[in-house]
Amino acid sequence: MEQHYLSKLILFALLFPLICRSQDIELKNNFFYLDGQKFFMKGIGYEVGATPGELPWARTFNPQVLHADMQRILAGGFNTIRTWAPFTDQELNLLEQYDIKIIMGIWIDPHADFSQPSFVNQARAIVTDVLSYSKNHDNIIAYLIMNEPLPETIAAAGYEATVDLWEELIGIIHEQHPGRPVSIANTSNGTYIDPAVFDFSAYNVYIYNPVTVNYLHGYRDFISYLSNLNVPGRPLAITEYGLSVSPSGPGGWGYGGNSLQQQLEGDLYMYKALVDGGAAGSFMFNYSDGWWKAGNEFAHDNNPEEWFGLVEYSSLSDHFGQERPVWAAVKAFQSAIITQPRSSEIYGERVPVEIFLNDTIDRVEILLDDELLYEQLATGSYLQDTLEFAVPDLFDATLVFKGFDASGNLVKSEEKNILITGREVALPSIEINITNDNFWQSGSVEVNYHIEHSPDFTPGADLDYIFYPHVGFNYGQRFERPLPTEGPVDFATQHYLAPNVNIFTVGAAFDITYNSFRKRIVNQLTLSRINTLVNGAGPHWGMTSAIRVAPNPAGEHFTMTWDGPPGVANPDYTLYDARGVAVQEGNRVAWGRPVSIHSLEPGIYYIRINLEGKPLPFVQRLVKY
């Protein structure tokens, strides 16, 4: 087998020109732009040196495997790979032969004490060493400097010390490799971390854990929540998702034990859901099985972590592997990534269409009720247009998108279920209030929920609510109660808060329908005592993207401006110092009016905004110089 691959690779090297060139990267409109072109990351996680019998950190250079893997990845329709540890300079030189982008991980131990000077020095040296050669490779479009730091690790080191470490490492990369954005691969338990620290947001999100993803929001709406948490205009990347087909485990899209069909269906479900949730790209976990992960690289152990691959290895001597059924399904799906319209969204009479195409798609059709509504020949890799409707009231539409190749063969079909309206629509709402101020001291959280229905929609029969302590990869607690369909609904709950909990989330959700249209109504409240962040997902959440605080850094003053629809009340604000102590506040401050901070010492502050007495899920870091 290896001789067969070698002959193919020699021929490929003779025919294939050098691809890599200098690349201009911008982050705007919630996407990456490469050389001015909007770019959706069709990505996959890739561990070099992780074939059977190998340890990634003890690998030797193997050009045959690298060539074979990259050819397969490109043939699968992927355009970007994500790593956890860096490629070597020799490996990056080989990868320049391929039109593949890289979000390169630099492994900084996420379980260390981030406040220790010796560790900070070590991290600084690791990043500096990698950048000494990686700065010369323009196929790297971004860096990830840590993977899944846990809340308890950050609490032990101190939030400010952790942020200081990240910012120092980001600064090194910005200086050495200008124009390359930097983030960490956060996880679903890290939503208390200020996204403004990073150039873009990146999260590892699995459908089975925790309760906020698996039960409260559902996968699609949790991705939408992460997108709304983000700094306006910056992209969100989902840097891990997938399902393990290990021999044992719960199956049913859980952690391990999934059949090949469950892997195929679950991976596609998450891919579609994250696109509908507003992600700017994603990285399926993982290219291939990792035999090393349970501690013995010479055996394929019955451990879920070893069985996530879209490619499997048949034996210890197999270094090229075979594609599982999910591979072909993902290839077909990402032949046309439809970022607009998004299922479960409500649109006016002008519905946007945005599709990222690969070169197999020659023609796109959109059908409504089995009738052709739109047809367009593909003239490149990007299609943007608008569908216009005339609807006096509400209209639930299931749009069927079809992509055909040049021979007229159907390559992909996907449904988008949306609601189109010719008038203003009132959505139901969930308000959350924590009624006891001493919850950290008392160890008890008392929560009141208030639900308002809407005459435009039919509510589901059940109300789902949760309590989620952000501790490790703890799942959290889930509850259910009947939801009355008439009048406002109020209920109260109480939850025990263990002493080791530094962040917690409470939330509630229910489904609404209008004919075939379905939408999830969600609100949650996350509170942290290791920083001053409070965030949520309620009806006010969308308003936060219209708020701007500038200048930042600020000297003598800052202003709060509103870029959204007119008629919004003037805000109240509170400034907190790095210890979480309120140092300045103001009420009904006119939008655009300078707010003096002359009396404050230089340093880092956090601004929290209220509207009409209600806290917005908006906290922004403000630097006073």
Residues Phe517, Tyr514; criterion ring-ring contact (aromatic ring centres under 6.0 Å, His included); working and verdict: CA-CA 5 Å; Phe517 176 76; Tyr514 178 85; 8.0 Å; no

Stepwise side-chain hydrogen bond (donor to acceptor under 3.5 Å, both in side chains) test for Glu240 and Tyr203: CA-CA 7 Å; Glu240 285 184 28; Tyr203 287 83; over 6 Å; no

Asn204 vs Thr187, side-chain hydrogen bond (donor to acceptor under 3.5 Å, both in side chains): CA-CA, chis, key distance, verdict: CA-CA 5 Å; Asn204 302 341; Thr187 187; 5.7 Å; no

Tyr33 vs Ile25, side chain to side chain contact (heavy atoms under 4.5 Å, CB included): CA-CA, chis, key distance, verdict: CA-CA 6 Å; Tyr33 283 71; Ile25 298 171; over 6 Å; no

Intermediate values then yes/no, side chain to side chain contact (heavy atoms under 4.5 Å, CB included), Ile184 and Asn147: CA-CA 6 Å; Ile184 63 167; Asn147 191 70; over 6 Å; no

Step-by-step ring-ring contact (aromatic ring centres under 6.0 Å, His included) determination, Phe283 to Phe78: CA-CA 9 Å; Phe283 298 83; Phe78 298 96; 9.4 Å; no

side-chain hydrogen bond (donor to acceptor under 3.5 Å, both in side chains) assessment of Glu365 paired with Tyr374: CA-CA 6 Å; Glu365 291 182 357; Tyr374 177 92; over 6 Å; no

Pair Thr212-Gln524, side-chain hydrogen bond (donor to acceptor under 3.5 Å, both in side chains): steps then yes or no: CA-CA 9 Å; Thr212 48; Gln524 70 168 64; 5.6 Å; no

Steps toward side chain to side chain contact (heavy atoms under 4.5 Å, CB included) verdict (Leu497, Phe467): CA-CA 10 Å; Leu497 194 62; Phe467 176 65; 3.9 Å; yes

Test side chain to side chain contact (heavy atoms under 4.5 Å, CB included) applied to Gln384 and Ile355, step by step: CA-CA 7 Å; Gln384 186 176 35; Ile355 311 176; over 6 Å; no

When the side chains of residues 475-487 are checked against the rest of the protein, which donor-acceptor pairs come out under 3.5 Å, sequence neighbours left out?
residue : atom : partner : partner atom : Å
Tyr475  : OH   : Asn214  : OD1          : 2.7
Tyr475  : OH   : Arg478  : NH1          : 3.4

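Rounded to the nearest 0.5 angstrom, Leu394 CG and Ile346 CD1 are separated by 8.0 Å. With rounding to the nearest 0.5 Å, the separation of CG in Asp267 from CG in Leu243 is 5.0 Å. Distance check, rounded to the nearest 0.5 Å: CD1 of Ile103 to OG1 of Thr239 gives 8.0 Å. A distance of 8.5 Å separates CD1 in Ile418 from CZ in Phe395, rounded to the nearest 0.5 Å. For the atom pair CG of Leu357 and CD of Gln334, the computed distance is 12.5 Å after rounding to the nearest 0.5 Å. The distance from the CD atom of Glu415 to the CG atom of Leu399 is 9.5 Å, given to the nearest 0.5 Å.
Comment: Asp572 does not engage Arg608 in a salt bridge, judged by the lack of any side-chain N to carboxylate O separation of less than 4.0 angstrom. A salt bridge between Asp396 and Arg518 is absent, with no side-chain N of the basic residue lying under 4.0 Å from a carboxylate O of the acidic one. A salt bridge does not link Glu414 to Lys402: none of the charged side-chain nitrogens sits closer than 4.0 Å to a carboxylate oxygen. Comment: Arg423 engages Asp393 in a salt bridge, judged by a side-chain N to carboxylate O separation of less than 4.0 angstrom.
The closest side-chain heavy-atom distance from Ile223 to Val205 is below 4.5 Å. Looking at heavy atoms from C-beta onward, Tyr225 lies out of side-chain contact with Val522 at the 4.5 angstrom threshold. For the pair Thr458/Ile512, no side-chain contact is recorded, criterion being any heavy-atom separation below 4.5 Å from C-beta on. Side-chain atoms of Arg350 and Phe389, non-hydrogen and from C-beta on, never get closer than 4.5 Å to each other. Two residues are said to be in side-chain contact when any heavy atoms from C-beta on lie closer than 4.5 Å; Ser444 and Tyr496 fail this criterion. No side-chain heavy atom of Thr421 sits less than 4.5 Å from a side-chain heavy atom of Val391. For the pair Phe401/Ser413, no side-chain contact is recorded, criterion being any heavy-atom separation below 4.5 Å from C-beta on.
A donor-acceptor pair shorter than 3.5 Å cannot be found between the side chains of Asn448 and Thr435. Between the side chains of Trp307 and Gln263, not a single donor N or O lies within less than 3.5 Å of an accepting N or O. Side-chain contact check for Asn531 and Ser528: at least one donor-acceptor pair (N or O, by modelled atom type) lies under 3.5 Å.
In terms of modelled atom types and a separation under 3.5 Å, the side chain of Arg529 and the main chain of Ile503 share no donor-acceptor contact. The main-chain N or O of Pro571 is never found under 3.5 Å from a side-chain atom of Trp591 such that the two would form a donor-acceptor pair. A donor-acceptor contact shorter than 3.5 Å links the side chain of Glu152 to the backbone of Gly472. Within the 3.5 Å criterion, the main-chain N or O of Asn230 finds no donor-acceptor partner in the side chain of Ser201.
In this structure, Trp327 and Tyr287 have perpendicular ring planes: the angle between them is above 60°, well past the 30° mark. The aromatic rings of Tyr255 and Phe308 sit tilted relative to each other, their planes meeting at an angle between 30° and 60°. Between Tyr192 and His470, the ring planes are perpendicular. Angles over 60° get that label, and only those under 30° would be called parallel. The aromatic rings of Tyr465 and His495 sit tilted, their planes meeting at an angle between 30° and 60°. Between Phe504 and Trp440, the ring-plane angle classifies as perpendicular under the 30° and 60° cut-offs.
Scanning both residues, Leu527 and Phe439, for their nearest heavy atoms gives CD2-CZ, 3.8 Å. Residues Ile521 and Leu427 share a closest heavy-atom pair of CD1-CD2, 4.3 Å. When every heavy atom of Asn436 is checked against every heavy atom of Glu446, the shortest pair comes out as OD1-N, 3.0 Å. Contact between Asn474 and Tyr468 at its shortest, heavy atoms only, is O-CE1, 3.2 Å. Here the closest heavy-atom approach between residue Pro428 and residue Phe510 is recorded as CB-CZ, 3.7 Å. Here the closest non-hydrogen pair linking Gly254 and Asn258 is O-ND2, 3.0 Å.
Under a cutoff of 6.0 Å and an axis angle of 45°, Lys412 and Phe333 form a cation-pi pair.
For Phe32 and Phe39, the ring centers are positioned 6.0 Å apart or more. Residues Trp253 and Tyr219 place their aromatic rings such that the two centres sit no closer than 6.0 Å.
No more than 12 heavy-atom neighbours from other residues, nucleotides or ligands sit within 6.0 angstrom of NZ on Lys331.
Contacts classified as salt bridge (charged side-chain N to carboxylate O under 4.0 Å, His left out) and involving residues 196-221 (residues at least two apart or in different chains) are given here: Arg220-Glu345.
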